[in-house]
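One-based numbering, in listed order, for ligands and for the atoms of each.
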Amino acid sequence: MINRRKFLHLTGTGAAGILTSGLASIISAPDVGAATGENNKFNPDLDIDLIARESEIPIFPGKPTYAWTYRGNLIKGDHTSLIENRSSYLGPTLQVKKGQKVRIRFTNDIPEETIVHWHGLHVPAVMDGHPSYVIPRGETYTYEFEVKNRAGTYWYHPHPHGRTGPQVYGGMAGLFLVSDEADEAAGLPAGQYDIPLVIQDRSFDTDNQLMYLSGHMMEQMVGFLGDRILVNGKPDYILPVATRPYRLRLLNGSNSRIYKLAWKDGRPLTVIGTDGGLLEKPVQKRYVMLAPAERLEIWADFSTYPVDSQTALVSLPFDTNMAGGGRMRQRGMMGRRGSGMLGRENDPSNGDPFTIFKVHVKTKETERYPLPDRLVRIPRYRPEAAVNFKQPRTFRLAMQHMSGVINGRTFKMNEVADDEVVRMGTLEQWGFVNDARGMGMMGMMNQPHPMHLHGKQFQVLERQGVAHDGYIDEGWKDTVLVMPGERVRILVRFDDYPGLFLYHCHNLEHEDMGMMRNYYVRQ
Ligand code: C2O
Ligand code: CU
Ligand code: CU
């Protein structure tokens with residue numbers, strides 16, 4: 001199959017790319033030139049300087065933690081558009097309105113190449129942070145785009161090839177919140193009652209310094225798993241609340257860790273939104289799986305809690321092989337807990353239970369705020385409207401040759417295969433297939449893959465092989481978790497922007513190993 005495919009090679013990052021394969025005749029030469037600087041015809045509503053630099057952040061008592069952080073400066077725009085917390089390694093939260101024009105001058109001041117990607121945003125290819133646009137220390141890349149997305153919790157992070165994992169882990173990530181009229185009309189808690197919470201796992205040495213992968217290949221196959229949970233960059237996070245509902249926006253900003261989120265007291269989670277904003281109506285779940293890069297908005301109502309009481313958001317234990325029939329945890333390759341695959345005591349594993357954050361009910365409020373039963377309207381795509389309705393594209397996800405592969409391939413900077421070319425303006429059906437391979441050594445090959453498409457929000461059409469109840473597939477998504485043994489079909493439209501975009505596994509270690517490919521939108 002693979003060797004019958006033809007590959008298109010786009011030239012490097014210079015001027016307009018030139019297709020050099022035999023298929024060139026059916027595809028017009030794409031513009032893959034990098035953004036070259038400010039465009040004086042572009043009149044931004046928001047003008048921001050963003051820098052990535054080395055910092056020392058106080059996370060624990062004692063020695064500060066060396067981190068790489070985004071820091072921002074608002075040149076033009078409402079002062080609420082950029083909210084920075086310099087005591088956290090997380091980058092500033094950018095808050096924009098749908099339709100606003102944004103200019104961001106990004107300067108790299110970390111000791112290696114990087115580039116910024118706006119995760120979930122629908123922007124032109126040269127604004128999307130493709131790894132071919134990396135800049136070295138001392139250089140600036142100017143982004144200019146209009147925010148076309150509906151209201152939602154988006155985010156930004158680095159995207160250099162092979163180094164996304166360590167850079168995000170080192171601290172580089174921030175939220176990009178979009179508001180619009182429909183969201184504002186939904187009747188949800190706002191202002192101080194609308195709280196973003198970025199969930200990440202980290203490991204620290206006794207000197208409070210971040211520890212990343214040991215270099216062990218098996219560890220890379222699973223992805224980095226920390227033994228501590230940080231929320232908004234802080235350990236042991238406590239959320240003080242009043243007896244009233246809140247809108248909590250959760251982002252899983254972890255490299256590889258998946259959470260099975262639930263309230264500690266067993267109340268159901270009331271989910272109101274996902275990656276691309278609000279759902280049509282609230283959904284109740286006992287627990288929700290949240291994979292790296294996914295977002296979840298919940299309505300958290302503490303009005304029935306006594307003042308001074310506590311609860312917590314927790315991650316329940318789970319087995320990543322749940323759908324594959326295998327009983328083993330990933331660490332279980334060599335046996336039980338305590339004799340992990342790396343031969344260390346208590347290796348962290350995907351599926352470990354955690355307290356994510358505690359909630360302290362502090363103040364009494366008597367006013368009542370009802371949960372709206374309708375939130376926004378979401379027009380559903382019809383599968384028959386997909387141009388490939390009869391022959392959906394299938395992407396097989398696997399661990400092979402000590403790497404993650406998509407249809408047997410790994411990432412090549414400017415390469416796109418002919419089954420990765422789509423036509424602009426069309427709706428397509430894509431399928432992700434994560435076949436389970438059983439137990440023993442092969443059990444290691446059963447990895448969860450949170451699959452992400454750049455530049456698009458899609459709808460989940462169908463899931464097969466699911467052994468649990470923790471998915472929110474109703475809304476707009478840009479990342480979808482595909483557990484071992486699962487198959488997911490999505491509907492996605494390729495509108496507005498031609499060119500080269502990425503799709504990849506958002507387990508950042510898998511991505512860095514090459515479990516990433518380009519897709520090309522032709523006109
Ligand atoms: Cu969060 Cu390639 O993206
Ligand atoms: Cu993305
Ligand atoms: Cu993966």
Under 2.8 Å from the Cu ion (ligand 3), which protein atoms of type N, O or S occur, listed by chain and number?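 Hits for the Cu ion (ligand 3) below 2.8 Å: His449 ND1, Cys505 SG, His510 ND1.
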Check for a donor-acceptor pair, side chain of Asp478 on one end and backbone N or O of His452 on the other, with a separation under 3.5 Å.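 Flag not set: sc Asp478 to bb His452 has no pair under 3.5 Å.
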Is the side chain of Asn407 donor-acceptor paired with the backbone N or O of Thr394 at a distance under 3.5 Å, no angle test?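 Side chain of Asn407 to backbone of Thr394: a pair is present.
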Quick one: are the ring centres of His157 and His506 less than 6.0 Å apart?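 Under 6.0 Å, so yes.
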Aromatic ring centroids of Tyr287 and Phe318 under 6.0 Å?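 No - the distance between ring centres of Tyr287 and Phe318 does not fall below the 6.0 Å cut-off.
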What residues form a salt bridge (charged side-chain N to carboxylate O under 4.0 Å, His left out) with Arg493, not counting sequence neighbours?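 Only Asp495 meet the salt bridge (charged side-chain N to carboxylate O under 4.0 Å, His left out) criterion with Arg493.
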Heavy-atom check, side chain of Thr274 versus side chain of Leu279, under 4.5 Å: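 A side-chain contact exists here, since the closest heavy-atom pair is under 4.5 Å.
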Criterion side chain to side chain contact (heavy atoms under 4.5 Å, CB included) on Lys97 and Val147, from CA distance to verdict: CA-CA 7 Å; Lys97 294 191 183 69; Val147 176; over 6 Å; no
Do any protein N, O or S atoms sit under 2.8 Å from atom 1 (Cu) of ligand 1, and which ones are they?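 Protein N, O or S atoms closer than 2.8 Å to atom 1 (Cu) of ligand 1: His119 ND1, His157 NE2, His506 NE2.
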So, using ring-ring contact (aromatic ring centres under 6.0 Å, His included) as the criterion, who are the partners of Tyr169 when residues are at least two apart?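 In terms of ring-ring contact (aromatic ring centres under 6.0 Å, His included), with neighbours along the sequence ignored, Tyr169 is linked to Tyr212, Phe224.
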Would you verify whether the NZ or CZ of Arg463 falls within 45 degrees of the ring axis of Tyr471 while also being under 6.0 Å from that six-membered ring's centre?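 Here Arg463 passes the 6.0 Å and 45° test against Tyr471.
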